[in-house]
Chemist: 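Sending over a structure as structure tokens; questions will come in a sec.
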Amino acid sequence: MPGALLTDLYELNMASSYLRRGMDAPATFSLYVRNLPLERGFLVAAGLDASLAFLETLAFEDEDLAYLATIGFDAAALDAFRRLRFDGDVWAVPEGTVVYANEPILELTAPIPVAQLVETFLLNAITMHTTMASKAARYVVAADGRDLVDFALRRTHGIEAAMAVTRASAITGFAATSNVEGARLMGLRPAGTMAHSYIESFGGELEAFRAFAEDLPGRPTFLVDTYDTLGGVRAAIEVIRERGLEDVAGVRIDSGDLDGLSRGARALLDEAGLPRVRIFVSGGLDEREVATLVAARAPIDAFGVGTQMGVSFDVPSLESVYKLVRYDGRPVMKLSTGKRTLPGEKQVWRGPGGDLLGLREEDQPGEALLIQVMSGGQRVGAAGTIETARARFERELAAVPAEALSLDAPRPRVARVSDALTAMAEQVTTEALQRASG
């Protein structure tokens with residue numbers, strides 16, 4: 001579905017007015033996060049693939065135009081909308097890139113009617129995916145190399161959000177997902193065990209475990225906490241031995257004192273000569289709880305993560321903005337108190353001394369983070385993959401300062417502003433104030 005109506009009404013109002021007045025000069029908008037939440041020391045850029053797919057197919061269908069006619073748009077506006085397509089350019093940081101406040105995640109240049117119209121979708125896609133990837137990244141930091149599995153499908157705010165969470169968690173290094181459709185579409189590893197209802201429907205744990213091992217011998221992870229956790233571990237040990245599952249089996253604990261119970265389970269498994277049976281825990285874990293278990297050296301091999309990640313419980317959204325920075329060749333900026341913007345097309349250079357935010361045409365040392373991903377409405381190069389984004393994130397994470405990685409009171413990097421960008425901002429400010437004073 002082209003989805004041109006996936007926008008706020010005021011975007012259509014403005015686009016209609018621009019078109020009526022012949023205002024179709026190029027406009028550049030910059031999308032970035034104005035301030036990082038106190039709980040975040042860094043963000044992980046995501047949502048670019050969804051954004052580009054939207055831009056590639058942007059169009060008004062006949063049924064869209066028919067609806068717009070019923071809410072007050074006249075024939076001239078409808079005719080102009082009918083011809084509207086995205087044929088502009090996009091620069092963006094690739095998915096999996098670590099970003100900080102005021103650093104552009106995406107910049108778009110197109111005739112101002114269409115550049116304005118796509119604001120809502122781009123903000124929605126980039127904000128949601130980046131929010132989720134940034135939360136998932138904190139679990140990766142907390143787990144310190146232990147496996148993580150996405151269990152969020154049943155807890156997210158809708159199926160579309162669930163797919164975004166599955167993709168974001170894969171980008172940041174989660175080993176698998178319970179989301180079967182997400183796994184199919186994205187080429188990920190599906191993972192799952194059983195529910196307590198399965199255990200309860202049998203006469204006892206031993207009977208349930210035997211049935212599960214017989215019917216699903218390729219997925220022998222036994223949920224052991226339905227009644228008495230260590231008793232459940234003993235029942236699992238019996239079935240593991242009966243069926244020769246020593247090298248592939250696991251036990252899952254979903255409640256209680258995960259530290260103490262995992263130690264008790266490990267002791268029982270080791271005493272039974274089953275050192276390779278893995279211990280998997282879940283149950284509403286946030287990243288700090290994961291970090292605490294890891295720091296205590298609890299013998300846990302993997303964590304299932306659901307609600308807390310799936311809704312980014314502590315930071316459910318970001319202060320993302322989409323601001324006009326140039327129109328018809330003229331750099332522009334907003335001077336509102338607390339919401340001041342910077343003019344002109346940007347670039348971010350990353351080096352050993354930190355990040356530098358400057359004008360795109362500058363020649364600065366360091367790695368330039370934004371690359372051109374669309375030209376004339378067409379993608380530049382092949383679409384990015386989850387594997388590429390994951391490898392990029394792993395490299396990026398290794399370079400994040402320790403104070404920004406902290407799960408408690410993190411301190412993010414702050415990009416320096418180049419002399420050229422500072423000078424342009426001062427000049428544009430002076431000119432804007434002169435015009436405002438008449």
Side-chain angles (χ1 to χ4, degrees), residues 6 33-51 95-96 98-99 105 120-143 147-183 185-186 188 190-193 195 252 254-255 258 280-293 302-321 386 389 393 406-410:
L6 287 172
V33 176
R34 184 182 280 130
N35 296 297
L36 266 60
L38 294 177
E39 300 86 350
R40 295 291 180 270
F42 65 95
L43 301 176
V44 181
L48 178 61
D49 186 68
S51 298
E95 291 185 299
V98 167
V99 294
I105 297 174
T120 299
F121 187 96
L122 296 181
L123 277 172
N124 181 286
I126 298 294
T127 304
M128 178 173 67
H129 285 257
T130 299
T131 297
M132 298 309 173
S134 303
K135 180 67 168 180
R138 286 169 59 86
Y139 280 94
V140 173
V141 172
D147 283 348
L148 293 162
V149 178
D150 161 34
F151 271 12
L153 176 57
R154 62 183 57 195
R155 301 297 189 189
T156 60
H157 296 159
I159 295 301
E160 183 181 357
M163 301 301 279
V165 170
T166 294
R167 192 172 191 277
S169 64
I171 286 173
T172 54
F174 276 48
T177 178
S178 69
N179 181 348
V180 180
E181 178 68 351
L185 293 174
M186 302 177 205
L188 307 176
T193 58
R252 174 183 162 212
D254 191 52
S255 62
L258 298 179
F280 185 94
V281 303
S282 55
L285 294 167
D286 68 24
E287 63 268 40
R288 293 180 179 85
E289 292 172 308
V290 171
T292 297
L293 289 166
F303 297 89
V305 180
T307 303
Q308 297 281 336
M309 180 190 68
V311 299
S312 189
F313 192 83
D314 59 335
V315 178
S317 190
L318 299 169
E319 193 185 356
S320 53
V321 294
I386 289 176
F393 170 72
S406 174
L407 298 179
D408 296 296

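Since this is a predicted model, take the numbers as computed values, not measurements.
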Chemist: Flag the pair Phe280 / Phe151 as yes when their ring centroid distance falls below 6.0 Å, and as no otherwise.
Modeler: yes
Chemist: Taking Thr130 for its side chain and Ala46 for its backbone only, find out whether a donor-acceptor pair lies under 3.5 Å.
Modeler: yes
Chemist: Could you go through the side chain to side chain contact (heavy atoms under 4.5 Å, CB included) check for Ile126 and Ser51 one step at a time?
Modeler: CA-CA 7 Å; Ile126 298 294; Ser51 298; 3.6 Å; yes
Chemist: So does Val44 get a backbone contact from the side chain of Ser134, meaning a donor-acceptor N/O pair under 3.5 Å?
Modeler: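 Indeed, once roles are kept as given, a pair shorter than 3.5 Å links the two residues.
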Chemist: Calculate, to the nearest 0.5 Å, the distance between atoms CG and CZ belonging to Asn35 and Arg40 respectively.
Modeler: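 Result: 14.5 Å between the selected atoms.
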Chemist: Looking at every heavy atom in both Gly182 and Leu188, which two are closest together, and how far apart are they?
Modeler: O-CD1, 4.4 Å
Chemist: May I ask you to check whether Arg252 and Ser282 show a side-chain donor-acceptor distance below 3.5 Å?
Modeler: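 A donor-acceptor contact under 3.5 Å links the two side chains.
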Chemist: Counting neighbours of CD on Glu160 that are heavy atoms of other residues, nucleotides or ligands and sit closer than 6.0 Å, is the number greater than 12?
Modeler: no
Chemist: For the side chain of Tyr139 and the backbone of Leu285, is there at least one donor-acceptor N/O pair under 3.5 Å apart?
Modeler: yes
Chemist: Say you draw a straight line from CG of Leu407 to CG of Asp314; how long is it, rounded to the nearest 0.5 Å?
Modeler: 10.0 Å
Chemist: Above 12 or not: heavy atoms from other molecules or residues under 6.0 Å from CZ of Arg34?
Modeler: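 Atom CZ in Arg34 is crowded, with more than 12 foreign heavy atoms closer than 6.0 Å.
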Chemist: Would you confirm whether Ser312, through its side chain, and Val315, through its main-chain N or O, come within 3.5 Å as a donor-acceptor pair?
Modeler: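 Between the backbone of Val315 and the side chain of Ser312 there is a qualifying donor-acceptor contact (under 3.5 Å).
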Chemist: When rounded to the nearest 0.5 angstrom, what distance separates CG in Asn179 from CG in Leu185?
Modeler: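 Answer rounded to 0.5 Å: 8.5 Å.
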Chemist: Donor-acceptor check, side chain of Glu39 to backbone of Asp408, threshold 3.5 angstrom: yes or no?
Modeler: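 Between the backbone of Asp408 and the side chain of Glu39 there is no qualifying donor-acceptor contact (under 3.5 Å).
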Chemist: Specify the closest pair of heavy atoms between Phe42 and Val141, including all atoms of both residues, with the distance to one decimal.
Modeler: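 Result for this residue pair: CZ-CG2, 4.5 Å.
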Chemist: Give, for atom CG of Leu293 and atom CZ of Arg288, the distance between the pair rounded to the nearest 0.5 Å.
Modeler: 14.5 Å
Chemist: Do side-chain atoms of Glu287 reach the backbone of Arg138 as a donor and acceptor pair under 3.5 angstrom?
Modeler: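 A pair under 3.5 Å: no.
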Chemist: Go through Leu43 and Val98 one step at a time and tell me if the side chain to side chain contact (heavy atoms under 4.5 Å, CB included) criterion holds.
Modeler: CA-CA 6 Å; Leu43 301 176; Val98 167; over 6 Å; no
Chemist: Could you grab the distance from atom CG of Asn124 to atom CE of Met128, nearest 0.5 Å is fine?
Modeler: 5.5 Å
Chemist: Going through the distances and angles, do Val140 and Leu148 end up as a side chain to side chain contact (heavy atoms under 4.5 Å, CB included)?
Modeler: CA-CA 8 Å; Val140 173; Leu148 293 162; 3.9 Å; yes
Chemist: Passes side chain to side chain contact (heavy atoms under 4.5 Å, CB included), Thr166 versus Phe174? Steps please.
Modeler: CA-CA 9 Å; Thr166 294; Phe174 276 48; over 6 Å; no
Chemist: Looking only at atom types and distance, does a side-chain atom of Thr172 sit under 3.5 Å from a main-chain N or O of Ser169, one as donor and one as acceptor?
Modeler: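 Confirmed, Thr172 side chain pairs with Ser169 backbone.
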Chemist: Show your reasoning for whether salt bridge (Lys or Arg N to Asp or Glu O under 4.0 Å) applies to Arg167 and Asp150.
Modeler: CA-CA 10 Å; Arg167 192 172 191 277; Asp150 161 34; over 6 Å; no
Chemist: Rounded to the nearest 0.5 Å, what separates atom NZ in Lys135 from atom CE in Met309?
Modeler: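 If we round to the nearest 0.5 Å, Lys135:NZ and Met309:CE are 10.0 Å apart.
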Chemist: For Asp254 and Gly283, which heavy atoms make the closest approach, and how far apart are they?
Modeler: OD1-N, 3.3 Å
Chemist: How close do Ala183 and Thr177 get, counting heavy atoms only, and between which atoms?
Modeler: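 Looking at all heavy atoms of both residues, the shortest contact is CB-CG2, 4.0 Å.
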Chemist: Which heavy atom of Val165 sits nearest a heavy atom of Gly310, and at what distance?
Modeler: CG2-O, 3.7 Å
Chemist: Determine whether Val311 and Pro316 make a side-chain contact, defined as any pair of heavy atoms from C-beta on separated by less than 4.5 Å.
Modeler: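 Answer no - side chains too far apart.
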Chemist: Indicate the atoms forming the closest heavy-atom contact of Val149 with Ser178, along with that distance.
Modeler: CG1-N, 4.4 Å
Chemist: Do Ser317 and Thr127 have side-chain heavy atoms sitting under 4.5 Å apart?
Modeler: yes
